[in-house]
Every structure is written in structure tokens, then in C-alpha cells.
There are 2 protein chains.
Amino acid sequence: MVTTAGRAPQRSPRRASISDVAQEAGVSLGTVSNVLNRPDRVSPTTRGKVLAAIEHLSFVPNGSARQLRAGTITTVGAILLDIANPFFTEVARGIEDRLAQADHTLMLASSDEDPEREARYLRLFEEHGVLGMLVTPASTDLEPLLELSRRGVGVVLLDRTSPAEELSSVAVDDVAGAAMAVEHLLSLGHRRIAFINGPQSIAQCVDRRAGMVRALEAAGLDPDEAMVEITVSSLNAEGGEAGVTELLAAGTAPSALFCVNDLTALGAMRALRSHGLAIPADMAVVGYDDVNFASMLMTPLTSVRQPTRQLGEVAADLLLKAAGPGMAAPQRIQFQPELVVRASSGGAH
Amino acid sequence: MVTTAGRAPQRSPRRASISDVAQEAGVSLGTVSNVLNRPDRVSPTTRGKVLAAIEHLSFVPNGSARQLRAGTITTVGAILLDIANPFFTEVARGIEDRLAQADHTLMLASSDEDPEREARYLRLFEEHGVLGMLVTPASTDLEPLLELSRRGVGVVLLDRTSPAEELSSVAVDDVAGAAMAVEHLLSLGHRRIAFINGPQSIAQCVDRRAGMVRALEAAGLDPDEAMVEITVSSLNAEGGEAGVTELLAAGTAPSALFCVNDLTALGAMRALRSHGLAIPADMAVVGYDDVNFASMLMTPLTSVRQPTRQLGEVAADLLLKAAGPGMAAPQRIQFQPELVVRASSGGAH
DNA sequence: TTCTGCCTGTGAACCGATTCAACGACGACA
DNA sequence: TGTCGTCGTTGAATCGGTTCACAGGCAGAA
């Protein structure tokens, strides 16, 4: 690591304000504001003088003051579970695209599955006076979000349905997705299946577990017998590695493994390999999300695909509609997932 | 896609303000403010009454008003080239960690390598009155950033060194990294090497190209002969696929391929495979960034590793130091990269 | 008893924009 | 020449906090 230092710059004493511009241009305060917001009400000569002054002072309006007075809101907040997960970055893309079209902007934050961090960002965004928030909740308690909504802040749940009718939500049917994944493994003859899952405070973990249980029961199996559940603390590659280590340490490992998401599966496969186990011969693996590199892995990963980008787009639309004039009623939208079979489950022909 | 609608909620007429709280608690405006900011100056009884009123009205202070008056700034903006790239999300993690320690918060944005989007976010952040910004510039023109810095907004260049001495920067030596990658391919006997690169408006693309040229010349080769450069418009998997398609269409493909980053390499490998070419037998591939899944790919990817998280941490530190009291002089910090040899180059033993 | 000093609490001024009632100038029209 | 309408511009009020000079009350010291 090499460092070099330059000269310390002068920090300018104060940002130019609208009255500095007015003085420089020899007009009144209100006129400058008019140039900014209703240029057609100002004569071309005056407008020219004001614009020249703005340029000269490199004036940038103070957003705090504007928002305080006018309540003009064009910012939307999004709090995602894990920004390092390609699934969520793709969702963010969808959101951002839609917001940009509507001339709004996105403030992004990652709760890292930590309810405290989530609460911090919720508060920050509310203080900032955002139009609304798109949230993938890190906890089961939706009360803070309901309160937020009652206080007039638009809230849309992302990748999570709400038991309460008061919140809009956009989600994919995780129960069905997990059931499909497990049915696939069952159809390949597996009768005991490990499940690397995250904490039950996260809705996705609850739903995917439910889907697994449903599939097992539908096949006449007792989940207590057929499902070997391992709970890890974080839904990423590290979690997956830890899960497999725990699974193998317990002995009598099942012949198949279902992971709560693809990052977890990535870590799990890494750990399986380092223990000398072949995929899918020694252990079949199925993930969830179908992230962009799933098909390119050493053993291409069987996974459950979701309409990721669309999820973000629809969520953004919902928020804009709900927060705009007219205040649309809350809507719950649910997409259906799709199983993509590849080599890791041994099911590809 | 299934949708259900609930009841439309009441939007509350107005957020509670500090004077509502004061009235409810039967104290003056200033006292409420004191409870919020200097609780020790208020007697326990009064404090209790005020806190009860705050709770009762579920009062949340208006950040715009606070910032307008007090200039209290605890928000930092970051504009990254591509938020879907694991390299940048890891950098963002580093930034966020450091900021959280200092009780600051991060507003994240992705320019998607588009200078216009970058400009929009620069303006948005400045209007919002951020303490400073961490920017991976999408264009070679640093003038807007220099102006920003002169206006008193902290600016730190991320993954990019500045020719101007006035800006702080944190970067990795891309010229050296690319040279290492190409030297590696040369040492394996390749004499013509394809290079899938991005637009020259992006500094990383310029530097990595320079590193490649340097390595070729050092080996006594003529870059015009030995380097087959293909320029793609976006530095992601789609770009990589397009690049390989173009390369193969031109005929007489080289025996090795250096990609400007790992996502590009991912797409390139996908395209090579779909054209029936074996890696590394028909085409050796080297990427850049060593993203987390590089080692887990069908053919594990040889890549150039950078101290990603540290990059973000150091950048955040620099900004906090530069923007804090004392105004430290601008610093330029440069890390050294490291080549990680795996199977995709055929160089792993 | 009076004075001093500390502790609480008050309320007006202020941050930088937006908005709007009001005003002056000017041309049109009777 | 007098009246009216239009257009362009003005400046005060306002948003919701923070800050600070100051006032009132009470205890301890003289």
C-alpha cells in the first residue's frame, strides 16, 4: 500500500444561497425562485441575468430547504436483506429503472438481515422524508412498518406477503417454489433431504420450509424423519459452508441437500467438495433464486427461478401509485416461480 | 401473477411537529428540542412528560428542518459503476461498515457506467447536503468532481487514481494487475491474446489495457500484432458474451483471452462453451477482480485479486478524515493486486 | 434579609427555499 | 384623459427544527 499526499484545499466558507444569486443578478428573491420553478413567468432578459448569476456562483439549491417548505418528494428508500446477493441487486435494478422513468431517485440500504440495522434505516429514511419505502423485512414483526404506513409513508413489502391487509406487497410464491424443488428431489428417489435454512425471523425461510414440509407430506413422508434441517445465521456462502460442516459432523448425511438460496448453495457445494464429496453422485444439491452464475458453476446448479427484475419494477409501480394522488388501495401481487433443472441435482437429462 | 386488494388506508393529514409535542407536553418548543439533543439539561420530570408526548404522537423529527438549521450531516453518498457487480457490492460493504462505526449512513447509487446518470446522482447528493461522496467515475472528465470538492463537498475517488492532486483517491494498481495477468498467459506460451475491454472513458479499462501493452512489450512483442482488442459497451456478462461472439465471427481467434473483469469473463466463458470451445484447451481465460464465485465455476477462473473490502473501508476513512474537523490534505492510496491462478488459464498445477 | 449563582425552562431569531397577495408599469380601450 | 387588465416583479410569511440570550425560582452564603 502506497500513499501520497497533496495540498490541503480551501473549504469554501458557505454555499451560495438563493439570495446571493438574487443580489448578484440585481433581482428579488422570489424572481430567482420563479426562474427555477416557473421559468415562463419571468421575462427572457431577467431570466438571462439570473441564469448567469447562478452559473457564476455555481449555485446548487439546498434540497433540505426546498423539501421543508414545499414537501416536494422524489426520493424513495429501499431496504434489502443483503445487497451482496445478486438476487437483490437485480431487484434493485428493476426498482431503479422504474423510478428513473418517473424522475424519482432511489436511496439503497442493506439491512444484512439485522432487524436493528433495518430499524435504523427505517428511521433515517422517514426523517429524510422519503415518499415511501420498499422493504424486505428482516423480522417477522411488521408493526413498525404498519405504523409507518399509518403515518402516511408509502410502504411496499418486497419478496414477502403481508398477513395484514393494510400493506401492499409484491412477492413470489415461496411455498410453491420450495415444494417444486423438493418434489424434484423426491422424484429422483431421495427420501431423506437436508435443508440448510436461515433464521425463522425471515419470512422467506419460513415459507420455503413450509413448502418443503408440504412436499414431503404430499409424498407420504414424515417431515421429522425425512427432513434434516440445519439453521445457519446468514444466508450467504459462509452460511452454506458452515451448514455443510455441521451436517457432515453429525454423521449419517442424507443423499440430497436443499439450500434456502443460491449463495448458500454456492458455499455448501464448496464445502462438500473440500470434504471430497461428489455432486450430485454423493449429494444432490438444489438452490433457490437462479442467480446469474448458477448455470456456470462447476456443477451447474438446479434452482428455482423468480421474475427478479419484474419484482422490483412492480414494487416501484405500486409505491408510486399508492403514494401519488388518489392513494390507491393496498395491493398484494404474487408471482409464480419456476424450477430450472441442471446437473447439481442429477436430474438433467 | 395473482393480485388481491385490501382497504385503502387513511393518510394522516400531517406529521406531528415539535410544537405539537410541546403543546401536548405543556412545555415550550425549546424544551422539546433540549430533550432531543441535550437531555441532561432537562429535569427528569419534564423529560418524562416530553418523552411521553413524543411516544403518544409517534413524533419523528423532520430531517430536512434539522439539517437546514443545524447543518448536521451524517450522510455520505457513494456512486458505483455497477451495483450488480460483486466487486462493487463488496466495496460498498466495506464503506458501510466503516460509516456505521462512525454513526454515519450511506446512500448508495449505481451509475451503470453512464456519465449522465452519474451527473444526476452527483447533483441529487449535493442537493441533499451530504457530507461527501465516494465515486467511481464513469467518465474521464473529473472537472465536475473537482468543482464539487472546491465547493466544500468531500470527494474521494474509488478504484481510480486522480491525475489532479486535489482529490483523495483509493485504488489498486490496475496497470500492474493487468500486466501480471498477461505475463502469466505469456509464460504459458500464448503469443496472441484477445482482450475484451470496455470503453476508454472508464479509467479501469484504460489502465488494464496499459498493463497489457506493457507486458506484451516487455516480452518483445508488438501489441498491434499480439493484442486482439474487442471493445464492448458494458462490463458485465452480456458484454462478455457479445465480445466472444464478435471475436469468433472475426475468425483466426487467439489462443488466450484476458477479460477486463470477472463478470465479463463469466459471459465470455458461457459464449465460448456454447460455441463448443473447451477452456483452457481451446482458449485460456483470465479475469479480473476474483469475485466470490470465481473459484466455483465450471472451470475455476484465474483472476486478479484486489483487497476489495479494504478499499471501501479506507475510502470511507479518508472521507471522514477529510470532511471532519481539521480538513486533512488529500491523500492518494494505492494497493497492490495479486494473481490467483486456477484452471481456466491452464496454468494451475 | 439580601445577594449571588446555579438550574430549568422560555421564546425569538435563524437556516434557505417556496408561495402568494400586492404593486407598479404599460398598453388598450372608451 | 381616465380606467381597466395584464404582465413581471417584489417581499413577507411560512415550513420545522436548533440555538442562545435571558428570565424566574430556589438554595446557599454573607
Side-chain angles (χ1 to χ4, degrees), chain A residues 12-51 53-54 57-75 123-124 126-130 151-152, chain B residues 12-51 53-54 57-75 123-124 126-130 151-152:
Chain A
S12 57
R14 202 174 50 84
R15 255 166 85 166
S17 84
I18 205 172
S19 65
D20 296 329
V21 174
Q23 195 169 7
E24 169 98 8
V27 298
S28 91
L29 243 156
T31 302
V32 178
S33 178
N34 280 334
V35 169
L36 260 41
N37 302 300
R38 290 177 298 279
D40 46 311
R41 294 172 82 88
V42 180
S43 74
T45 19
T46 317
R47 202 189 312 152
K49 279 192 295 182
V50 172
L51 289 176
I54 287 178
L57 299 173
S58 62
F59 161 76
V60 176
N62 180 321
S64 301
R66 164 177 298 170
Q67 180 156 321
L68 174 59
R69 180 60 236 255
T72 315
I73 331 183
T74 54
T75 310
R123 192 182 165 91
L124 176 80
E126 185 177 8
E127 287 187 6
H128 247 293
V130 297
R151 256 179 262 144
Chain B
S12 57
R14 201 174 51 84
R15 254 166 85 165
S17 84
I18 206 172
S19 64
D20 297 327
V21 174
Q23 196 168 6
E24 168 98 7
V27 298
S28 90
L29 241 154
T31 303
V32 178
S33 178
N34 280 333
V35 169
L36 259 42
N37 302 300
R38 290 179 297 279
D40 46 310
R41 295 173 81 87
V42 181
S43 74
T45 19
T46 317
R47 202 189 311 152
K49 280 191 296 182
V50 172
L51 290 176
I54 287 178
L57 298 172
S58 62
F59 162 77
V60 176
N62 180 321
S64 302
R66 164 177 298 170
Q67 180 157 322
L68 174 58
R69 182 57 238 251
T72 315
I73 329 182
T74 54
T75 310
R123 193 182 164 91
L124 176 80
E126 184 177 8
E127 286 187 7
H128 249 295
V130 296
R151 255 180 264 145

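Predicted model, so just to flag it, every value in this text is computed and none were measured. To find a chain, count down the sequence lines: A is the first, B the second, and so on, and within it residues start at 1.
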K.L.:
According to a strict under-4.0 Å criterion, is A:Arg66 in side-chain N/O contact with OP1 or OP2 of C:dT18?
P.N.:
yes
K.L.:
Tell me the interatomic distance from B:Asn62, atom CG, to C:dG16, atom P, rounded to whole angstroms.
P.N.:
16 Å
K.L.:
Output all residues satisfying side-chain contact (heavy atoms from CB on, under 4.5 Å) with A:Ile54, sequence neighbours left out; order by chain, then residue number.
P.N.:
A:Val21, A:Leu36, A:Val50, A:Leu51, A:Phe59
K.L.:
What is the per-nucleotide protein-contact pattern of nucleotides 20-25 of chain D, from the 5' end, where B denotes a base atom under 4.0 Å from a protein heavy atom, S denotes such proximity for sugar-phosphate atoms only, and - denotes neither?
P.N.:
------
K.L.:
Return the 5'-most residue of the pair B:Val32, A:Gly26 with respect to DNA chain D, ranking by each residue's nearest nucleotide.
P.N.:
A:Gly26
K.L.:
Please report the interatomic distance CZ(A:Arg66) to CG(A:Leu68), rounded to the nearest 0.5 Å.
P.N.:
12.5 Å
K.L.:
When the C1' atoms of the five terminal pairs at each end define the local axes, what inter-axis angle does the helix from C:dT1-D:dA30 to C:dA30-D:dT1 show, to 10 degrees?
P.N.:
60°
K.L.:
Does B:Ser33 make a side-chain N or O approach to OP1 or OP2 of D:dT18 shorter than 4.0 Å?
P.N.:
yes
K.L.:
Just to confirm, is there a sub-4.0 Å distance from OP1 or OP2 of D:dT10 to any side-chain nitrogen or oxygen of A:Ser28?
P.N.:
yes
K.L.:
To the nearest 0.5 Å, tell me how far B:Leu57 CG sits from B:Ser17 OG.
P.N.:
9.5 Å
K.L.:
I want to verify a distance call: between D:dT18, C:dA17, C:dG9, whose nearest atom is closest to the B:Thr31 side chain?
P.N.:
C:dG9
K.L.:
Using the side-chain contact (heavy atoms from CB on, under 4.5 Å) criterion, which residues pair with B:Ser43? Sequence neighbours excluded.
P.N.:
B:Thr45, B:Thr46
K.L.:
Would you indicate what B:Val27 reaches in the nucleic acid, counting non-hydrogen atoms under 4.0 angstrom: base, sugar-phosphate, or nothing?
P.N.:
sugar-phosphate
K.L.:
Hey, which sits more toward the 5' end of DNA chain C by its nearest nucleotide, B:Arg69 or A:Ser19?
P.N.:
B:Arg69
K.L.:
Would you confirm whether B:Gln67, through its side chain, and B:His128, through its main-chain N or O, come within 3.5 Å as a donor-acceptor pair?
P.N.:
yes
K.L.:
About how many Å separate CD of A:Glu126 and CZ of B:Arg15, when rounded to the nearest 0.5 Å?
P.N.:
5.5 Å
K.L.:
Strictly below 4.0 Å, heavy-atom distances to any atom of DNA chain C: list the hits from residues 42-49 of chain B, or just say none.
P.N.:
B:Val42, B:Ser43, B:Thr46
K.L.:
Once side-chain hydrogen bond (donor to acceptor under 3.5 Å, both in side chains) is applied, do any residues pair with A:Arg41, and if so which ones, sequence neighbours excluded?
P.N.:
none
K.L.:
Specify the separation, in whole Å, of atom CD of A:Gln23 and atom P of D:dT10.
P.N.:
13 Å
K.L.:
I need the NE2-C1' distance between A:His128 and D:dG17, as an integer number of Å.
P.N.:
15 Å
K.L.:
Measure the distance from CG on A:Asp40 to P on D:dT9 and round it to the nearest whole Å.
P.N.:
12 Å
K.L.:
Whole angstrom is fine here: how far is it from CD in A:Gln67 over to P in C:dA17?
P.N.:
14 Å
K.L.:
Take the protein atom CZ of A:Arg41 and the nucleotide atom C1' of D:dG8, then report the distance between them rounded to whole Å.
P.N.:
9 Å
K.L.:
Of the options C:dA17, D:dG17, C:dT19, whose atoms approach the side-chain atoms of A:Ala70 most closely?
P.N.:
C:dT19
K.L.:
Using modelled atom types and a 3.5 Å cut-off, is there a donor and acceptor pairing between side-chain atoms of B:Arg47 and backbone atoms of B:Val42?
P.N.:
yes
K.L.:
D:dT19 C1' sits how many Å from B:Leu68 CG, rounded?
P.N.:
13 Å
K.L.:
Please enumerate all residues that pass side-chain contact (heavy atoms from CB on, under 4.5 Å) together with B:Ser58, with sequence neighbours excluded.
P.N.:
A:Arg151
K.L.:
Would you mind reading off the distance between B:Leu29 atom CG and D:dT18 atom P, rounded to a whole angstrom?
P.N.:
10 Å
K.L.:
Please name all residues satisfying side-chain hydrogen bond (donor to acceptor under 3.5 Å, both in side chains) with B:Ser33, sequence neighbours left out, ordered by chain then number.
P.N.:
B:Asn37
K.L.:
Residues two or more places apart in sequence or in another chain: which of them pass side-chain hydrogen bond (donor to acceptor under 3.5 Å, both in side chains) with A:Thr74?
P.N.:
none
K.L.:
With sequence neighbours excluded, what pairs up with B:Gln23 under the side-chain contact (heavy atoms from CB on, under 4.5 Å) test?
P.N.:
none
